[in-house]
Structure formats: C-alpha cells, structure tokens
**Student:** 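First, the structure itself, so that you have it in front of you.
Numbered from 1 within each chain, the chains take letters A, B, ... in sequence-line order. The model shown is predicted, which means the values in this text are computed figures rather than measured ones.
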Amino acid sequence: MKKSLDMESYNHEDIEKKWQAQWQADGIYTVKDNVPGKENFYELVEFTYPSGNLHTGHWYAFAVPDIHARAKRMQGYNVLYPMGFDAFGLPAENAAIKLGADPKTWTYEQMEKMRVQLRSMGAMFDWSREVVTCDPEYYRWTQWMFNQFFAHDLVYRAITMVNWCPKDQTILANEQVVDGCCERCGTPVIQREQPQWMLRITKYADRLIDDLDNLDWPHAIKEAQKHWIGRSVGAEISFRIADHLQGISVFTTRADTIQGVTFVALAPEHPLVGELLPEITNVSAVSHYIETTKTKSELDRQQSKEKTGVRLEGVVAVNPMNNEEVPIWIADYVLAGYGTGAVMGVPMHDERDRAFAQAMGIAIIDQPLLDRDHVVKQVRGKIVKTYRLRDWGISRQRYWGTPIPIVYDLDGNAHPVPDEHLPWLLPTDVDHTPDGTAPLARSKELFERTEKIFGAGWKPEVETMDTFVDSSWYFYRYLDNHNGSAFAAKEKMDAWMPIDLYLGGAEHTTMHLLYSRFWNKALFDLGLVKESEPYKQRVNRGLILGPDGNKMSKSKGNVVNPDEIVGRLGADTVRMYLAFMGPYGTTANYPWDPNGVVGVRRFLERVWKLKQKIGKGAITAQLHKTIKKVTEDIAEYKFNTAVASMMTLVNEWERAPAILEGEYKTLLQLLAPFAPHITEALWQLCGETTSVHCSPWPLYNAALLVNEDRTIGVQINGKLRGEVTVAVSAPTEEIQKAALALPRIKEFLDGKTVKNVIVVPGRIVNIVCE
RNA sequence: GCCGGAAUGGCGGAAUGGUAGACGCAAUCGACUCAAAAUCGAUCGGAGGUGACUCCAUGAGAGUUCAAGUCUCUCUUCCGGCACCA
C-alpha cells in the first residue's frame, strides 16, 4: 500500500531523465524551415562562452525565454530557438594557459560539459543547428565577410593609440575599458601606439542612430546607443595663424559665441604643434608638456579635472570674425580624436574654457552673441557633423581567435587571402603564452603555408580578430549551419530573418548590439542580406543575485550552484522559480531566495497530487480567467504573474470536492512551457499518447468571464464604505440601485444630499455627497 | 554633471486612474506525531476598539480628478549608462 503511494509521488529525477531522452529520440524540437500553415518565429538568446560551468545566470538567460518560445510554439508558430557557443576569446584562452592546456582541446572539452548542463534545463533547443565560432566551418565565413568588407573599403589599416591591458597583454576596445581599467581583470589600462585593422563603423553612424526609430526596442537602449555614437552638429572654422599661410581649424557647436574668443587651444598630439615648433620661442616648455601628457595614463587624465597647458610663445591666431589676435595654447583637455583636435576658447560661455582661462590667467570677455548661420557664412566656415564613435579596431595580438585573412607581399602591401584558400586556418604549432607580441608570428607552419601559396618572401598577418566579430553574425549561421557554399542560403534567411525577438543582457547595449547592427548593415549594403536591421524586438534582462543581495562571486561565497538545486528539486522547479521572481524584460536584479524556490516545488507537488481529485466537477470560470491571464502575461514576459495565476487556480481547485479531467489537462498545457517535464509525465498519466508540447495552446471562453459575478467596492466621497456583488454584465442602473440599498450605505447617507453617483461596471461605485 | 530607470509589508513582488498589498517566502498559533520533518488549517502593513468597525498608510511635498501607488510639477535616495565630446 505504502509502496504504491511512493511510486505515485512526484519523482523529478526519473521524470526529467526519462522525458529528456524521449524528446530527443522523438526529435520533437527539430525545426524545419517551413511548415505549411505555420508562421515562423525566430527567438534568439545570446549564445555563451564555453566556460565549462553553467551558472544561475545562464539558467535565467536561457531557461526563462524557453518558456516564451514553448508557448509561442504551442500557439501555432514554427519557432526557432537555437543555441551555440561563442568559443573564441580570452576567457577560454586564459583558462587554457592557467592549466597548461591547448585552448582548442580545452574549449571542446568545456563545450561538451556545457551541452550536458544545458540539456538539463529541458529547453527546446534544436541542437542540430548548433553553431561554434571557433570551428573552421564557421570562421571560414567570418573571414569571407572580412574579405567582402575589404573589397568594399570598409576595412583599413591604421596606426592608432589603443587601450592596452598590461596583464592580459591585449588591446581593448573603449567598451572594454571600465573606469580606466580592463573590464576582465581590473588592471589599469595604458595607452600604446599600435597599427591595427579597422572597420569603418563611423561610416554608418547616422544610420545606426536614425534606424533605431523603427525598432521595437526599450527606450533606454536606444538612448544609450545614440549617446554612445554621440552625433553633434557644429561648424568647422579656421583661425589664421599670424604671419602664416596655414590656419588652425577648430570645431564648435557655438559659432554664435565667436566674439568672446580669448584663446585657441590645441590637443598636445595635434600635428600642427610639430609644424609650428621652429617659430616657438619656448620649445623646451612645450616639449616637456607634450612628454608629460604622453606618460599620463587615460585614467590619470580622466580622474584629474584640473586644467593644465602651455602657451605656444611666438605665435598667435587671428579671430576670423573680428581680426583680433589671440594666444595659442596646448592643453590636454582638448582631445585629439574629437572634432578637429582644436577648440576656440570662449571662457564666457564654456565651463571648461573658463576653468582653463582662470587657471592660466587668460582674459574672459563678455561680447554679444551673434547669429550662428551668419557667423559661419561670414568666416567661410562649414557645417559639419562629428561623432564620439570611433572606428572599430578588430586586431588582437592573441592566439585563440579568427585569423585575419591577410598576407603581405615583398613590398609589404596587404592582400586578402583569396576565398578559395578559406578557411585560413589557425595554426597549431604555436606557444600561445602572451608576451605582448602576436603568437601567430611564431608559427612556422603559417609562414610556410603563406610562402607556398603566394610565393617566397610573402608573409602572413599574425593578428586575430576581436571576438565581437564572431558574434556579429552568428544568428545567420543557425539558419544553415553546415552550408559549405555560403554563410547561409538566401531562402533560409528569407524564411527566418529578421529575428523576431532577441533576449539578452544589458551589458551588451553599446557593444555587441551596436557592432552586430553595423555588421548587418554592411552585409545589407553588399546585397548579401535582405534586412538592414537584424533584431525587430529586443528585451534586456537583469541579473540573479546571491541570497545576500550581492552579485554572485566565489570570493563572497554566495554562489548558487544550479546543478545542485536541479539535482535536489528538479529543473522544472528551478525554471519556474526563476520565472516567478519578478517580471522579465526589466533590468531589475533579483536575489535568489533558497526558501522561495522550495515554495515553487511545493506548488508542483500540489499539481501532481491534484490528479487524484479528477472526478465530476463543475466548469469553472476561474480556469478561463487563468487561461487569459497566462496567455497575456507570457506575451509581455510577465512570467511571475502568469505563475501566480496558476497558483491561484490550484488553490481554488484544492478547496473543490472534485475537478474535471479536461480542465486539469488544460492546466497541464498552460503549465507545460514553465515545467515541461512534470506536465509531460502527468499528461501521459492522463492517457495521452502524444507530447503535451505538441498540443495546441488552450483558448478561453469569453462568455464565461462576462457572466461571472463580481464583488465591487462602494465608496462615499472616495472612501470605501461597502461592497456589492453583481454580474459583470449588469446595467449601471442596477448596480447603482444595489449599492444605494446597502444598509451601511443608507446609514452613511442619512441626512445627506447625494450629488452624483459614479458607476464603473466591474470596478467601482462612488457616491458623491456633501 | 548629463542621459535612462526605479522607490509599495519583515522579504521577492501584485494592482486598464476605480476595493492597495494578488501570488510566494518568512513569522506566529493550531491539527497530525512519542517527537521532529513533511502535510493540512488559521493569523499575518500600523494604531485604536471585546466587537461590528474607525483612523493612518505606496520615498517627501504640492497639484489635477468624483476617485491617484498610477497623471503633472518640485525635491530626496538608490540602480544602470556616459562623462573635459568643444
């Protein structure tokens, strides 16, 4: 007797193991490109680094959106919800170095571990479409696209000042520098001169701003991207240098203040400084200042807002508006990379100019403002747009990345590696320990390969690409991951693009999300893809914090290990608890509550036991309310309230003497996207022979909701004084009559004049009196 | 400093301008048990009252409205992003 009861209790371990295997055997999550009568829906989540350790954040990122994808599937869409690995890059490489292992071997081992962990989520990933960016089959097309861009002048070589992390021995993008320190290791970043391959993202600056308007994206991301690109419209005005033919071109958005100019300031790095050196009478002071600036790190320059500078003695500039002579200074508050690297100093109207003038004892004069357009015309300036955004430097002096497919001839000219030689393989005969030089420069095989194909004396490029390149187009490869003749077939892209919904972390706002939009626009301009924007809708999620409310970290000892909880309580419980914590799609962070997760487990056990109550019951309006609520909430990523409404239904059913089998099965369907395993098991126990996940989404009966009685509040002058229960569809006169007939209300109104009665059916009655 | 959010019980959170605190957690009491766990039942914003009830309450202050957590203005605090961008 006892034994059979045990066998009927909820055993998550057996159930999850059994159904994960069964689904795989049945191939129910294999996605076809076209299914007659079904609309395609492409739901994308940011793929992951194969760190080999799946943490709670991964569950939140992948298992909760899986709820949405599953519901969409049951609602009749042909849903693609793929997964892959962003497998090149520093984390993998550093781990490999630490363990003295080969990055490739290490990476593939971690991926295998992670596949097992990812499968434990019970998500509907179609693994046959998996994409791995370090696979030559993948990076062949990364290189091919690079070649396309090279051929169309979107790629160039430039000597740039780069952010250099001395610890990681690598170049960092501005986006990867946080407070002047390396985003990954926290080491202060220094400036270093470095030739590198650049992508002309600035050419797309206007479109990257303007095309945001048509996207269904959160306002905050749009604003952040606009600000990051930093378009500003102003004028370039030339100040003549006295006794010189040459002038200093300044950029200003305040041409109207030109009468108030009392100096001109150049960035210390400005090329004109060198040219003027012969005229300057205080060369040593100027040189000294330039040298000092060079030794200052970006961090120093950012932290110190004190204005410093040196006047260039012996030269003066002439204000083109009024021909007055003003001194020329160099100052490190003027940025070489923005505008023209030179400003006209107007202390009266610009805070920074005033601080500088005060520090240096420069005059501050108050002159009337002029008409902007008039000034620009008068001084023959030109209206220009300038951007904060810089071109994208993609070179990395690292081993574990996509090799840049460039070779150099005997004169040092760069040539792309012809497409027929792609993939241009990453050599394996290399000691990849970082020492500030490119590991590929040490590959005998790469140099021999280059000479063999291109001729004696030809040399290979030894840099690899930033991994943001790899992730700029991965969503196309899911559509056709084994295509050997194109990155993806046109008809497959037609079937799926653009991506209907892209869910991911807020940290990618100005990095991945901007880079991949640029990459897609470049492909679009080359006629390679049909959509100029890849992601129709974007939803950013927040973080899962440790139980103490802090970000999970090993040092704080607050890391929640999902494998342990899945083992103890089951994947269904973990998925559902993460969904229940709060609304998805806000960047709010939620602390993991070890007790809270138990509450969800209790709910699933109640659902399990509820099966015993199946018998003769009445059709309940509550079920139809729940169908409506769950359907609407999933569509808005409010999984927490969807779960709450199912809990309310179960609470009600537990109080009922019996429930109908059909209604119970409807609940299983509503619950299926959240808890795919237990619902499948119960569905089969109810005698079904096909998967609950292949069943159609329940529809609610609106008539049942309209006929329902509802208790509404009765207020007097806005204060609640009673309540009446009336049908939702009752006419207002009837509701008013019922409200005024309440004994308590009568008592309150005794001796008072009713001035107005407001009746909102289904909501409220408010009696206004004196 | 600028831009974008947010602020509701002990906690996570819920509320098309319409009964504030759904749902869950924790807590307290009770049932079951030799006992504990589990489970089930009850209570659960504050103050007052035996009680039916009354008053107060959604960061602070004003305003609009029959009615404000929700709309408007001012302020405070917190979170995220950017920051000498001319």
**Student:** Touch check for A:Pro218, heavy atoms < 4.0 angstrom, all strands: base, sugar-phosphate only, or nothing?
**Tutor:** nothing

**Student:** Quick one: which of A:Asp350, A:Val326, A:Ile248, A:Thr257 gives a side chain to side chain contact (heavy atoms under 4.5 Å, CB included) with A:Met344?
**Tutor:** A:Thr257

**Student:** Rounded to whole angstrom, note down the P distance from B:U8 over to B:G12.
**Tutor:** 8 Å

**Student:** Applying a 4.0 Å non-hydrogen cut-off, can you work out what A:Asn651 is touching in the nucleic acid: base, sugar-phosphate, or nothing?
**Tutor:** sugar-phosphate

**Student:** When the nearest nucleotide of RNA chain B is assigned to A:Asn589 and to A:Phe580 on a heavy-atom basis, which residue is associated with the more 5' position?
**Tutor:** A:Asn589

**Student:** Does A:Arg541 make a cation-pi contact with A:Tyr584 (under 6.0 Å, within 45 degrees of the axis)?
**Tutor:** no

**Student:** Please check the phosphate of B:G80 (OP1 and OP2 only) for any side-chain N or O of A:Arg541 closer than 4.0 Å.
**Tutor:** no

**Student:** Between atom CG in A:Leu513 and atom P in B:G80, what is the gap in whole Å?
**Tutor:** 19 Å

**Student:** Would you classify A:Ser232 as touching base, sugar-phosphate or nothing, given that sugar-phosphate means primed atoms plus P, OP1 and OP2, and contacts are heavy atoms under 4.0 Å?
**Tutor:** sugar-phosphate

**Student:** Using a heavy-atom cut-off of under 4.0 Å over every strand shown, decide if A:Asn766 touches base, sugar-phosphate, or nothing.
**Tutor:** base

**Student:** Can you figure out which of B:G12, B:A86, B:U54 approaches the side chain of A:Thr253 most closely?
**Tutor:** B:A86

**Student:** May I ask you to test the A:Leu545-A:Tyr590 pair for a side-chain heavy-atom distance under 4.5 Å?
**Tutor:** no

**Student:** Any N or O donor-acceptor pair under 3.5 Å from the base of B:C25 to the side chain of A:Asn595?
**Tutor:** no

**Student:** Roughly how far apart, to the nearest Å, are B:U70 and B:A60 at atom P?
**Tutor:** 11 Å

**Student:** Heavy atoms under 4.0 Å, any strand shown: does A:Val346 hit a base, just sugar-phosphate, or nothing?
**Tutor:** nothing

**Student:** May I ask you to say what A:Ala644 touches in the nucleic acid, namely base, sugar-phosphate or nothing, with a heavy-atom cut-off under 4.0 Å?
**Tutor:** base

**Student:** Are A:Lys613 and A:Glu652 ion-paired here, with the side-chain N under 4.0 Å from a carboxylate O?
**Tutor:** no

**Student:** Once you apply a heavy-atom cut-off of 4.0 Å, does A:Arg721 come out as touching a base, just sugar-phosphate, or nothing?
**Tutor:** sugar-phosphate

**Student:** What is the glycosidic conformation of B:G9: syn, defined as within 90° of 0, or anti?
**Tutor:** syn

**Student:** Look at A:Arg254 together with A:Asp353 and state whether they make a salt bridge at an N to O cut-off of under 4.0 Å.
**Tutor:** no

**Student:** Any salt bridge linking A:Asp206 with A:Lys385? Criterion: basic side-chain nitrogen under 4.0 Å from a carboxylate oxygen.
**Tutor:** yes

**Student:** Please give the distance between the C1' atoms of B:G45 and B:U28 as a whole number of Å.
**Tutor:** 16 Å

**Student:** Judged by each residue's nearest nucleotide on RNA chain B, which is more toward the 5′ side, A:Tyr387 or A:Ala224?
**Tutor:** A:Ala224

**Student:** Under 4.0 angstrom, heavy atoms only, what part of the nucleic acid is A:Arg710 near: base, sugar-phosphate, or nothing?
**Tutor:** nothing

**Student:** Report yes or no: is the cationic atom of A:Lys307 (NZ for Lys, CZ for Arg) closer than 6.0 Å to the six-membered ring centre of A:Tyr333, at no more than 45° off its axis?
**Tutor:** yes

**Student:** Using atom CG of A:Leu742 as one end and atom P of B:C53 as the other, report the distance to the nearest whole Å.
**Tutor:** 13 Å

**Student:** Considering only atom P, compute the distance from B:G24 to B:A15 and round it to an integer number of Å.
**Tutor:** 15 Å

**Student:** If you measure from the Lys or Arg side-chain nitrogens to the Asp or Glu carboxylate oxygens, is any gap between A:Lys737 and A:Glu733 under 4.0 Å?
**Tutor:** no

**Student:** Which helical stems does RNA chain B take part in, if a stem means at least 3 consecutive Watson-Crick or G-U pairs with both distances below 3.5 Å?
**Tutor:** B:1-7 with B:76-82, B:10-12 with B:23-25, B:27-31 with B:39-43, B:45-48 with B:53-56, B:59-63 with B:71-75

**Student:** Using whole Å, report how far CG of A:Leu720 lies from P of B:A68.
**Tutor:** 13 Å

**Student:** Could you write out each protein N or O paired with an N or O of nucleotides 41-45 of chain B at a distance under 3.5 Å?
**Tutor:**
none

**Student:** Measuring only the C1' atom in each nucleotide, how far is B:U74 from B:A20? A whole number of Å is fine.
**Tutor:** 25 Å

**Student:** Compute both the distance and the angle, then confirm whether A:Arg388 meets the cation-pi test with A:Trp228: under 6.0 Å from the six-membered ring centre, within 45 degrees of the axis.
**Tutor:** yes

**Student:** Is A:Lys307 touching bases, backbone alone, or none of the nucleic acid, heavy atoms closer than 4.0 Å?
**Tutor:** base

**Student:** A:Tyr590 side chain N/O closer than 4.0 Å to the phosphate oxygens (OP1, OP2) of B:G12?
**Tutor:** no

**Student:** Taking atom P in both B:U16 and B:A6, what distance in whole Å separates the two?
**Tutor:** 15 Å

**Student:** Mind telling me whether A:Tyr577 and A:Trp592 have parallel, tilted or perpendicular rings, with 30° and 60° as the class edges?
**Tutor:** perpendicular

**Student:** Does the ring center of A:Phe580 lie less than 6.0 Å from the ring center of A:Phe603?
**Tutor:** no

**Student:** When the C1' atoms of B:A68 and B:C73 are compared, how many Å lie between them, rounded to an integer?
**Tutor:** 15 Å

**Student:** Classify A:Val768 by what it touches in the nucleic acid, base, sugar-phosphate, or nothing, heavy-atom distance under 4.0 Å.
**Tutor:** sugar-phosphate

**Student:** Looking at every strand, decide which applies to A:Gln715 at a 4.0 Å heavy-atom threshold: base, sugar-phosphate, or nothing.
**Tutor:** base

**Student:** Would you say the side chain of A:Leu623 lies within less than 4.5 Å of the side chain of A:Trp653, judging by non-hydrogen atoms?
**Tutor:** yes

**Student:** Return the value, rounded to whole Å, for the distance between atom CD1 of A:Ile764 and atom C1' of B:U65.
**Tutor:** 14 Å

**Student:** Does A:Lys628, at its NZ atom, have more than 12 non-hydrogen atoms belonging to other residues, nucleotides or ligands within less than 6.0 Å?
**Tutor:** no

**Student:** A:Glu236 CD to B:A86 P: how many Å, rounded?
**Tutor:** 14 Å

**Student:** Find the distance A:Leu578:CG to B:G13:P and express it as a whole number of Å.
**Tutor:** 14 Å

**Student:** For A:Gly230, answer base if it contacts any base atom (sugar-phosphate contacts may also be present), sugar-phosphate if it contacts only those atoms, and nothing otherwise; contact means non-hydrogen atoms under 4.0 Å.
**Tutor:** nothing

**Student:** Can you measure A:Arg601 atom CZ to B:A37 atom C1' for me and round it to whole angstrom units?
**Tutor:** 15 Å

**Student:** In whole Å, measure the gap between the C1' atoms of B:G46 and B:A35 for me.
**Tutor:** 38 Å

**Student:** Which whole-number value in Å describes the distance from A:His349 NE2 to B:C84 P?
**Tutor:** 23 Å

**Student:** Classify the side chain of A:Arg602 versus the base of B:U39 as yes if they form a donor-acceptor pair under 3.5 Å and no if they do not.
**Tutor:** no

